[in-house]
Amino acid sequence: MKRNNLSAVNKVIRSPPAVKQPKRGLCTSLRQTHMLSVLLDWGTLPHHVILQIFQYLPLIDRARASSVCRRWNEVFHIPELWRKFEFELNQSATSYFKSTHPDLIQQIIKKHAAHLQYVSFKVDSSTESAEAACDILSQLVNCSIQTLGLISTAKPSFMNVPKSHFVSALTVVFVNSKSLSSIKIEDTPVDDPSLKILVANNSDTLRLLKMSSCPHVSSDGILCVADHCQGLRELALNYYILSDELLLALSSETHVNLEHLRIDVVSENPGQIKFHSIKKHSWDALIKHSPGVNVVMYFFLYEEEFETFFKEETPVTHLYFGRSVSRTILGRIGLNCPRLIELVVCANGLQPLDSELIRIAERCKNLTALGLSECEVSCSAFVEFVRLCGRRLTQLSVMEEVLVPDDRYTQDEVHTEVSKHLGRVWFPDVMPIW
């Protein structure tokens, strides 16, 4: 409805009543028309209200809304609306999510590059999508980005981009931003020289760095980050670039307390069996400096590759085993991981883990979460484990086939005993929820 028509309706509403009382239905109709006229006059909404509405709209709907009227178009170009943006890049035949239109990308680069602060790139498995992301990065010359995330929704397509092209595009942001605080560039060909450029331009602001599965980064590259980025609070990396020197650098007097250290333990080369060890005094230095740090370790190894780990006390707090792990290793965990908070075992084999679980319950006084799948535990041992942990177990996800009936409990009886010790109703899971 056009605005002049709405005004005419308002005049009709404000006109004095006739001598003859109009019918009840007519008055109701006029009141409804007046309400409709107010509701339809969106153009009079304050800028900040329209801005809030636009922030909830998908990008394509936001762009369409900007063509409704001049006021909405003005809001569409308010810098605050462009501080957070996710570029979705894909080849339509291989992806399930919508792609950011190329024309809109160029408009953003031309008009709003300087406003971008929280930016992420979501790409599919195609090399073309990753290359498109690199092309956009290379054009962000006048930017002040604070957080940057490169996200592969399927296989890591950034690894298919020529290393020189990727590094060149990434360093444009590293050089020009000057205020990067959070960077997530996992599964990418980032290398040591580009990390040095990052440090040279953003050492005072960097707080979070996630770069697991970056094969071109060495221990020297990550050590450079730890030495110069004294405000670093969260770090995610692969075990092969973890070193005693790195832990000691993170423990220096000038460094802030580290809050989160994630370590992915994956074979650097297929069939690799021997892994380097980290000295206990290095771990001790980290915990002394940052007593509240979460040390999270994800293991994707075969049983014969675990020999190096958990022979000495290790301050790990969260442990995830993505492949089969032996009873021997689980026994070491009970002896040498006193800070353990969460344990997930996806597979073990056919040997019951009774004594290993009970030892973990006895020694790991901070344990609050357990997940078990594709392994075996007798019902009696499981009940004893829960009794020892008590109500501090806030998460307990155990597949029903894990529990083996014995002379004390059947599977149907276990949930009653476990529920009693937990102080809440509990049942085994039919599928993993971790």
Side-chain angles (χ1 to χ4, degrees), residues 145-148 170-171 173-175 177-186 188 190-265 268 275-298 308-319 336-341 366:
I145 295 175
Q146 296 182 23
T147 68
L148 174 66
L170 191 63
T171 52
V173 178
F174 286 176
V175 169
S177 288
K178 308 294 185 182
S179 58
L180 281 165
S181 63
S182 174
I183 304 175
K184 300 177 183 179
I185 47 175
E186 300 174 299
T188 66
V190 62
D191 59 6
D192 289 354
S194 55
L195 287 182
K196 292 180 180 179
I197 295 174
L198 167 67
V199 169
N201 293 276
N202 302 271
S203 60
D204 293 335
T205 58
L206 190 63
R207 300 290 180 267
L208 179 150
L209 178 60
K210 291 187 176 181
M211 47 184 305
S212 297
S213 301
C214 296
H216 301 293
V217 174
S218 70
S219 299
D220 292 337
I222 196 67
L223 183 60
C224 175
V225 175
D227 278 335
H228 295 89
C229 300
Q230 301 296 314
L232 194 66
R233 294 184 180 275
E234 296 187 38
L235 179 63
L237 71 166
N238 279 76
Y239 184 82
Y240 71 86
I241 57 177
L242 183 69
S243 65
D244 294 290
E245 293 78 11
L246 174 61
L247 292 179
L248 294 175
L250 294 170
S251 308
S252 66
E253 292 183 1
T254 55
H255 205 288
V256 301
N257 291 338
L258 195 68
E259 296 176 356
H260 194 90
L261 175 62
R262 169 178 164 169
I263 305 164
D264 289 353
V265 190
E268 185 178 1
F275 283 83
H276 70 280
S277 60
I278 302 296
K279 295 182 175 62
K280 183 177 181 299
H281 76 83
S282 302
W283 285 120
D284 290 343
L286 178 67
I287 300 306
K288 182 179 180 180
H289 180 264
S290 304
V293 62
N294 285 321
V295 180
V296 184
M297 299 185 75
Y298 287 81
T308 302
F309 301 98
F310 308 116
K311 287 186 174 181
E312 295 183 309
E313 187 171 302
T314 307
V316 62
T317 56
H318 299 73
L319 262 177
N336 295 317
C337 300
R339 299 179 77 241
L340 190 64
I341 295 173
N366 298 317

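Residue indices begin at 1 and follow the sequence shown. These figures come from a predicted structure and were not determined experimentally.
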| query | Do the side chain of Ser218 and the main chain of Asp220 share a donor and acceptor less than 3.5 angstrom apart? | reply | yes
| Can you say whether the rings of His289 and His255 are parallel (under 30°), tilted (30 to 60°) or perpendicular (over 60°)? | perpendicular
| query | Taking Asp191 for the side chain and His216 for the main chain, is one N or O donor matched with an acceptor at less than 3.5 Å? | reply | no
| said: Show the nearest heavy-atom pair for residues Cys214 and Glu186, with the distance to one decimal. | reply: SG-CA, 4.2 Å
| Between Lys280 and Asp284, is there a salt bridge with N-O shorter than 4.0 Å? | yes
| request: Test His276 against Ser243 for side-chain contact (heavy atoms from CB on, under 4.5 Å), laying out the working first. | output: CA-CA 9 Å; His276 70 280; Ser243 65; 5.6 Å; no
| query | Where do Ser251 and Leu286 come nearest, in terms of heavy atoms and distance? | reply | OG-CA, 3.0 Å
| query | Would a distance-only check, ignoring hydrogens and angles, find a side-chain to backbone donor-acceptor pair under 3.5 Å from Asp264 to Asn238? | reply | no
| said: Rounded to the nearest 0.5 Å, what separates atom OG in Ser177 from atom CD in Gln146? | reply: 9.0 Å
| message | To check you understand the geometry: which heavy-atom pair defines the closest contact between Leu258 and Arg233, and what is its length? | response | CD1-O, 3.2 Å
| message | To check you understand the geometry: which heavy-atom pair defines the closest contact between Leu206 and Cys229, and what is its length? | response | CD2-SG, 3.9 Å
| field | Heavy-atom pair of closest approach, residues Ile183 and Phe174 | value | CD1-CE2, 4.0 Å
| message | Can a donor-acceptor pair be found, under 3.5 Å and without considering hydrogens, that links the side chain of Thr205 to the backbone of Ser203? | response | no
| said: Tell me whether Asp244 contacts the main-chain N or O of Ser282 through its side chain, where contact means a donor paired with an acceptor under 3.5 Å. | reply: no
| request: Mind listing the closest non-hydrogen atom pair of Arg339 and Asn366 along with its distance? | output: CA-ND2, 4.0 Å
| message | Side chains of Leu319 and Phe310, heavy atoms from C-beta outward: is any pair under 4.5 Å? | response | yes
